[in-house]
K.L.:
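Below: one structure in structure tokens.
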Amino acid sequence: MTERIVLAYSGGLDTSVAIGWIGEATGAEVIAVAVDVGQGGESLETIRQRALGCGAVEAYVADASDEFANEYCVPTLKANALYQGHYPLVSAISRPVIVKHLVKAAREFGATTVAHGCTGKGNDQVRFEVGIQTLGPDLKCIAPVRDLALTRDKAIAFAEEKGLPIETTKKNPYSIDQNVWGRAVETGYLEDIWNAPTKDIYDYTATPEFPPAPDEVTISFEAGVPVAIDGVKVTPLQAIKELNRRAGAQGVGRIDVVEDRLVGIKSREIYEAPGAMALITAHKHLEDITVEREQARFKATVGQRWAELVYDGQWFSPLKRSLDAFIEDTQKYVSGDIRMTLHGGQAIVNGRRSDTSLYDFSLATYDTGDTFDQSQAKGFIELWGMSAKVASGRDIRVAGK
Ligand code: ARG
């Protein structure tokens with residue numbers, strides 16, 4: 001029986017050419033698998049037809065947009081995960097859900113190998129292959145761009161020679177990856193890290209310099225999950241989409257960073273994640289009133305480690321699973337409403353309320369109704385500083401000798 005290879009298919013030039021390229025190099029039949037993670041653009045049926053037109057024996061499309069929002073974006077939100085303090089893991093969280101569907105398709109179609117279109121320089125090859133090793137340890141992996149020398153020039157020549165139903169002339173100097181959680185743009189002119197991004201780079205966000213009138217929004221959460229916007233019930237996918245639109249119109253969520261890739265390279269990336277950044281901001285502010293101080297401090301460290309693991313392709317690892325359990329436990333009381341103003345590139349919280357809040361007006365107030373016993377502060381400070389005071393006494397004594 002002819003060997004079968006499942007290819008992670010985006011509908012673009014490289015993976016379209018990869019269908020025939022893999023076939024010629026290996027003699028295998030190629031099954032193209034496209035996964036909808038809310039990237040927008042062409043319809044899945046158009047993409048499916050193109051894969052078949054490029055020689056795939058089967059083309060399978062998975063609508064994973066709700067699954068992606070519920071099982072990948074929501075945990076990222078609960079973790080307030082920002083890699084290196086900036087990047088909300090847009091591409092990093094889409095790889096594991098794509099891997100899940102690739103492995104599923106490999107089982108369904110009796111494939112022995114999974115292929116993806118990543119180069120040998122990025123994080124995504126690691127995320128795909130580590131994911132496949134974990135979910136389908138018996139499956140082999142190939143990357144035609146990296147392992148079968150499929151360069152862009154060769155891809156264009158191949159497409160023209162075979163008359164493939166794909167546009168080869170459209171010249172876009174950028175490498176773009178997008179889904180409902182955000183958009184990542186790199187290469188070309190951006191590789192000079194002094195160059196400011198030009199306007200044409202952005203798609204999810206409008207220029208924040210000339211914003212429309214401020215937009216006030218109330219986001220309601222239940223146990224860390226967004227459940228309503230301005231009082232209207234929403235699913236997580238709807239919440240992200242609605243905030244992509246509203247925060248995007250105000251230019252919220254533009255990020256320009258040089259980040260540390262897992263393979264040791266520093267690379268420049270432009271992100272736009274209006275919905276994700278508005279949600280993370282709101283969620284963090286709700287945690288500020290509902291999560292106990294020590295738990296909150298520790299959670300910040302856990303969230304950072306969680307972001308690093310996910311960035312580094314360890315989505316399915318035991319440590320990531322353990323951290324998920326911790327984070328989930330912290331979300332029990334993260335319920336309530338956050339009101340924020342979206343304007344001029346910023347999402348600024350100006351109101352919060354929660355039935356499970358730890359904010360105690362009678363403890364906090366400086367006005368009448370104060371129940372805080374200030375007389376206890378003096379003794380507390382005395383003991384709190386004791387250890388450092390003893391050490392300082394020693395330091396002075398030793399220095400004086
Ligand atoms: N640097 C990001 C990451 O590793 C995004 C990678 C994909 N970016 C792109 N523009 N194609 O998660």
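Each ligand, and each atom within it, is numbered from 1 in the order the structure gives. Values below: every heavy atom of this structure, side chains too, minus hydrogens, waters and symmetry copies.
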K.L.:
Return yes or no for this condition: an N or O of Arg95 is under 3.5 Å from an N or O of ligand 1.
P.N.:
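It does not: no N or O of Arg95 is found under 3.5 Å from an N or O of ligand 1.
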
K.L.:
Closer than 4.0 angstrom, basic N to acidic O: yes or no for Glu259 and Arg268?
P.N.:
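No, no charged N to carboxylate O under 4.0 Å.
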
K.L.:
Which ligand 1 atoms does Asp124 reach within 4.0 Å, using its non-hydrogen atoms?
P.N.:
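Near Asp124, the atoms of ligand 1 are 6 (C), 7 (C).
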
K.L.:
For Tyr83, is the nearest heavy atom under 4.0 Å from an atom of ligand 1?
P.N.:
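No, Tyr83 has no heavy atoms under 4.0 Å from ligand 1.
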
K.L.:
Which of these, Val310, Val90, Asn123, Val126, has its nearest heavy atom closest to atom 4 (O) of ligand 1?
P.N.:
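Heavy atom nearest to atom 4 (O) of ligand 1 belongs to Asn123.
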
K.L.:
State whether Phe158 and Lys162 meet the cation-pi test: NZ (Lys) or CZ (Arg) under 6.0 Å from the six-membered ring centroid, and within 45° of the perpendicular axis.
P.N.:
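Judged by the rule (NZ or CZ under 6.0 Å from the ring centre, within 45° of its axis), Lys162 counts as positioned above Phe158.
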
K.L.:
Ignoring hydrogens and angles, tell me if any N or O in the side chain of Gln125 forms a donor-acceptor pair with the backbone of Gly120 under 3.5 Å.
P.N.:
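A pair under 3.5 Å: yes.
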
K.L.:
Does even one non-hydrogen atom of Tyr87 get within less than 4.0 Å of ligand 1?
P.N.:
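Right, Tyr87 reaches ligand 1.
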
K.L.:
Do the side chain of Thr15 and the main chain of Ser10 share a donor and acceptor less than 3.5 angstrom apart?
P.N.:
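Yes, the answer is positive, given that a donor and an acceptor are paired below the 3.5 Å cut-off.
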
K.L.:
Within ligand 1, which atoms have a heavy atom of Arg127 less than 4.0 Å away?
P.N.:
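Listed by number with element: 3 (C), 4 (O), 12 (O).
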
K.L.:
Are any side-chain N or O atoms of Arg339 and backbone N or O atoms of Asn350, one a donor and one an acceptor, separated by less than 3.5 Å?
P.N.:
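Flag set: sc Arg339 to bb Asn350 pair under 3.5 Å.
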
K.L.:
With a 4.0 Å cut-off on heavy atoms, is Glu259 in contact with ligand 1?
P.N.:
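Contact present.
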
K.L.:
What protein heavy atom sits nearest atom 11 (N) of ligand 1, and how far away is it?
P.N.:
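Here the closest protein heavy atom is Ser175 OG, 2.8 Å.
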
K.L.:
Has ligand 1 got any nitrogen or oxygen that is less than 3.5 angstrom from a nitrogen or oxygen of Glu269?
P.N.:
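Yes.
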
K.L.:
To check your reading of the model: name the closest protein heavy atom to atom 2 (C) of ligand 1, its residue, and the distance in Å.
P.N.:
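Sorting protein heavy atoms by distance from atom 2 (C) of ligand 1 puts Tyr271 OH, 3.1 Å first.
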
K.L.:
Please check: side-chain N/O of Ser357 versus main-chain N/O of Ser354, any donor-acceptor pairing under 3.5 Å?
P.N.:
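Such a contact is absent between Ser357 side chain and Ser354 backbone.
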
K.L.:
On the ring face of Tyr202, is Arg254 found with NZ or CZ under 6.0 Å from the centre and within 45° of the axis?
P.N.:
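Yes, a cation-pi geometry holds between Arg254 and Tyr202.
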
